[in-house]
Amino acid sequence: MASDPGLLRLAAGLRTVGAITLTLAVLSLLDADVTHLVAGAIAAMVATFAVREKQRGPQAVTLALGLPVALASVSLAALLSSHVVAGDVFFVVLIFCAVYGRRFGDRGTALGLIGFQVYFMSLFVGATPRLLPGLWGVLALAFAGSALARFVLVPQTSAGILLRLRHAFRARLAQLLDAQLELLDAGPDDVEKSLAHVRTGTARLHETAMMIQGRLEEGTPDEATARLVQRRIADAEIAAERLGLLLLTARGAERADTLTLHLPGAPLPERGRLPMPEEEATDVLRRDLRALRLLVRRPVADGTGLAQVRNRLLGYRDEEHLPPAPPAVRDVFRGVGESARAVLGLRLALDGPQDESDDSPETARSREELDAEDAAIGGEESDEETAEKPTGLRRPTTRAAVQVSVGSALAIVGGELLSTHRWYWAVLTCWIVFINTASTGEILVKGYRRLLGTALGVVAGIGLAGLVGHHTWTAFAVVLLCVFAMFYTAPLSYTLMSFFVTAALGVLYTLLHTYSLDVLVLRVEETALGVASGVVAAALVLPVRTDRRTDELLTTVLDRLTDVTGAAVEQLSGGPPAELLDRARELDQALSDLRSAIQPLTHPVTPLRTRRDTAQYVVALLETCAYHARSLAATAELLPTHPSIAADPRLRGAGRRILRNIDAIAARVADDRSTAEVRTGPSVASLLDPGTPGTPRYGRVTDRVLRHLQRLDEAVAGLARPLGVPVASPAR
């Protein structure tokens with residue numbers, strides 16, 4: 001569950017293998033020759049992986065529409081097989097239409113992919129008009145096999161996927177607690193390794209939370225349920241991340257910077273064991289972290305023993321129940337209590353009401369708070385804003401269609417020079433390197449990974465071809481294993497996916513009696529040519545430089561950060577409620593897009609070491625900002641129902657400088673000529689007037705809000721130096 005959230009990779013691999021197996025089984029009963037078997041296997045694979053909608057109804061419609069598209073594609077490929085120039089021109093036009101179709105969403109993308117891949121399959125098996133009737137039947141069987149595999153053999157519903165994602169979230173939360181336990185006991189020489197495990201666990205938990213967010217709309221019966229699950233997932237994620245930071249702080253004499261959790265190599269607090277006067281306190285904390293992990297792993301906390309464990313941990317939310325220890329360590333126990341509350345809320349949201357007979361007063365109070373929050377969530381309504389979309393050549397799909405068409409034309413010309421029979425491999429590579437990429441740098445990195453995977457796959461293909469020989473069904477079994485591995489590893493490593501594709505092709509060439517070492521070497525050459533064609537087209541035709549792409553995404557992240565922070569501070573100051581968690585997830589998504597876009601800058605082989613370090617530092621600072629913004633948003637959403645949190649209008653002034661500094665950085669990133677400056681000054685807490693008559697002293701929750709604002713202020717100011725934004729000296 002934890003390694004494959006939602007079992008999405010496993011289902012994709014099994015579904016594709018199932019579709020291919022069904023198609024081959026029927027074709028074998030019909031005594032089809034090897035050419036039709038290979039065509040059926042490729043068509044079944046394409047019909048399965050091309051469909052990406054999340055709901056079964058739209059999936060069925062797309063699959064039904066894909067069959068006539070496939071029939072038209074194979075027919076045109078066969079009819080044009082003897083007309084080289086006309087066939088090449090049509091292939092380029094088809095590529096343009098397929099890429100341009102992405103603007104119409106998942107269905108347009110799927111139909112374009114089917115049209116392209118079936119045309120490629122026709123070239124691969126050498127389709128001619130004489131073979132058309134048989135190929136039509138093969139395509140019909142392949143699509144039928146894909147439908148059976150999708151809807152009968154490996155069925156998936158949106159609710160089922162969301163349920164498995166929730167199990168994955170629990171599993172990854174338990175793994176993060178394991179890493180935090182390791183950090184608790186790590187000696188001075190092991191703390192770096194333990195902290196790396198905490199970073200990895202935190203990132204994996206966040207990834208699963210984002211996956212759940214993307215499935216809530218389809219996987220829940222109504223909006224209120226979706227918002228409830230979203231709130232509880234966010235609470236658990238934030239509580240777990242805060243607990244890790246508190247543990248790190250307790251290890252040293254100084255408060256740990258949140259950046260330490262987001263940037264490998266960031267300076268650690270002074271190393272050492274927890275500063276406790278007695279070893280007994282360390283044992284208590286270790287016991288409580290294990291107890292918290294147990295509550296996470298158990299789906300239902302029924303039974304007197306688990307109820308007592310839950311009551312003890314929730315008791316740490318009250319000061320009188322905290323064990324005697326230094327302040328930093330008492331903060332860790334508070335973090336354990338808040339995490340236990342988040343786990344209780346998660347369990348109530350995901351598993352429904354439970355036995356309350358063994359509740360302590362502290363547990364009963366936590367339940368009442370959660371019930372009040374649930375009731376408030378049910379009455380909220382969301383407002384969606386429609387952003388202005390680019391038009392013409394500024395639209396990404398149009399630009400990509402033009403670029404891919406030009407690159408494919410170059411690949412056809414160059415491929416024909418290398419081989420008049422295998423030139424289509426260069427076109428396929430050029431097509432693939434443009435999928436899910438938006439800048440020249442991304443295309444270069446993806447092309448490099450494909451070339452590396454292809455070269456390694458050639459070696460494996462040579463070995464497999466020698467072992468399999470001409471044993472048809474053994475060869476198909478090996479191909480099925482490679483196909484499963486290809487889809488199972490695709491989200492993890494593009495290099496591995498390319499490796500398994502090329503290994504499978506070596507076996508397919510053996511089946512088609514066209515295998516030779518020269519053919520596999522030619523495959524590498526055509527792949528290199530396709531990569532070069534794609535890079536040239538991306539660099540010369542309507543280019544989007546990596547710097548420009550990252551600047552655009554960085555501006556988007558800063559805008560989203562302003563939205564979340566401004567709305568959270570406004571609500572904490574007494575303003576009207578807003579869709580804070582939705583805005584926080586939009587910030588997370590924008591940050592994820594930026595993280596993907598900077599891969600060319602942070603790739604291990606990049607020669608620009610200083611630039612790589614700067615990019616990593618900026619992203620780590622932005623992740624720190626996102627964490628504090630999420631925490632502010634989650635706290636602000638508690639205002640209507642939480643008895644210990646009250647709006648404080650003075651927070652509005654405290655957040656004003658942060659928002660102004662974010663705007664200044666965004667203006668500088670968008671335009672180098674901007675004269676906006678980042679302003680520093682007194683701490684956020686000092687900006688509030690504690691002497692206002694009738695104003696109560698801040699409580700623990702308000703102190704936490706101020707700490708988040710202070711850390712956010714520091715992180716935003718820290719962005720100024722690497723991004724070249726001038727910093728104005730504070731007025732004396």
Side-chain angles (χ1 to χ4, degrees), residues 42 84 88 91-92 95 99 116-117 119-121 123-124 400 402-465 482 486 489-490 493-509 512 514-541 543-546 599-600 603-607:
I42 296 176
V84 178
D88 291 349
F91 200 11
V92 172
I95 289 170
V99 177
F116 171 83
Q117 293 286 4
Y119 196 96
F120 169 82
M121 178 269 292
L123 298 174
F124 183 73
V402 174
Q403 289 177 326
V404 176
S405 300
V406 173
S408 299
L410 294 175
I412 289 174
V413 174
E416 291 273 10
L417 295 176
L418 282 177
S419 170
T420 56
H421 299 290
R422 311 284 181 219
W423 56 268
Y424 44 77
W425 287 119
V427 181
L428 179 67
T429 299
C430 181
W431 157 281
I432 288 178
V433 296
F434 273 94
I435 295 178
N436 296 327
T437 55
S439 70
T440 306
E442 291 178 81
I443 291 170
L444 184 60
V445 170
K446 190 172 184 179
Y448 153 77
R449 290 171 175 168
R450 182 169 182 83
L451 184 59
L452 176 61
T454 300
L456 296 175
V458 163
V459 178
I462 293 172
L464 289 174
C482 290
M486 174 179 68
T489 59
S493 170
Y494 187 70
T495 300
L496 276 178
M497 188 197 77
S498 302
F499 167 82
F500 287 115
V501 170
T502 306
L505 286 173
V507 180
L508 289 178
Y509 275 133
L512 292 172
T514 56
Y515 168 79
S516 69
L517 179 59
D518 292 338
V519 168
L520 290 182
V521 172
L522 178 64
R523 161 89 166 127
V524 177
E525 295 173 346
E526 295 281 2
T527 299
L529 176 62
V531 171
S533 300
V535 171
V536 169
L540 301 180
V541 181
V544 177
R545 308 296 182 192
T546 302
Q599 286 185 3
H603 197 275
V605 301
T606 179

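This structure is a prediction, so every number in the text was calculated from the model and none was measured.
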Are any of the side-chain heavy atoms of [X] and [Y] separated by less than 4.5 Å?
X: Phe499; Y: Thr489; result: no
X: Arg449; Y: Ser498; result: no
X: Phe91; Y: Phe116; result: yes
X: Leu428; Y: Phe124; result: no
X: Val99; Y: Phe434; result: no
X: Val427; Y: Trp431; result: no
X: Trp423; Y: Leu529; result: no

Using residues 402-418 as the side-chain source, report each donor-acceptor pair under 3.5 Å to any protein atom, sequence neighbours left out, with the distance given to one decimal.
residue	atom	partner	partner atom	Å
Gln403	NE2	Val541	O	2.8
Gln403	NE2	Leu542	O	3.0
Ser405	OG	Ala401	O	2.7
Ser408	OG	Val404	O	2.7

Aromatic contact, Trp425 with Phe120 (centres under 6.0 Å): yes

CG-CG distance between Leu508 and Leu464, expressed to the nearest 0.5 angstrom: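 The CG atom of Leu464 is 11.0 Å from CG of Leu508, to the nearest 0.5 Å.
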
Exercise: do Arg523 and Thr502 side chains pair donor with acceptor under 3.5 Å: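 On atom types as modelled, these side chains qualify, holding a pair under 3.5 Å.
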
What's the shortest heavy-atom distance between Ile443 and Ala538, and which atoms?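 Nearest heavy atoms, Ile443 then Ala538: CD1-CB, 3.4 Å.
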
Is the backbone of Val531 close enough, under 3.5 Å, to the side chain of Lys446 for a donor and an acceptor to pair up by distance?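 Such a contact is absent between Lys446 side chain and Val531 backbone.
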
Should Glu526 and Thr429 be marked as a side-chain contact (heavy atoms from CB on, under 4.5 Å) after you check the CA-CA gap, both sets of side-chain angles, and the distance that decides it? CA-CA 8 Å; Glu526 295 281 2; Thr429 299; over 6 Å; no

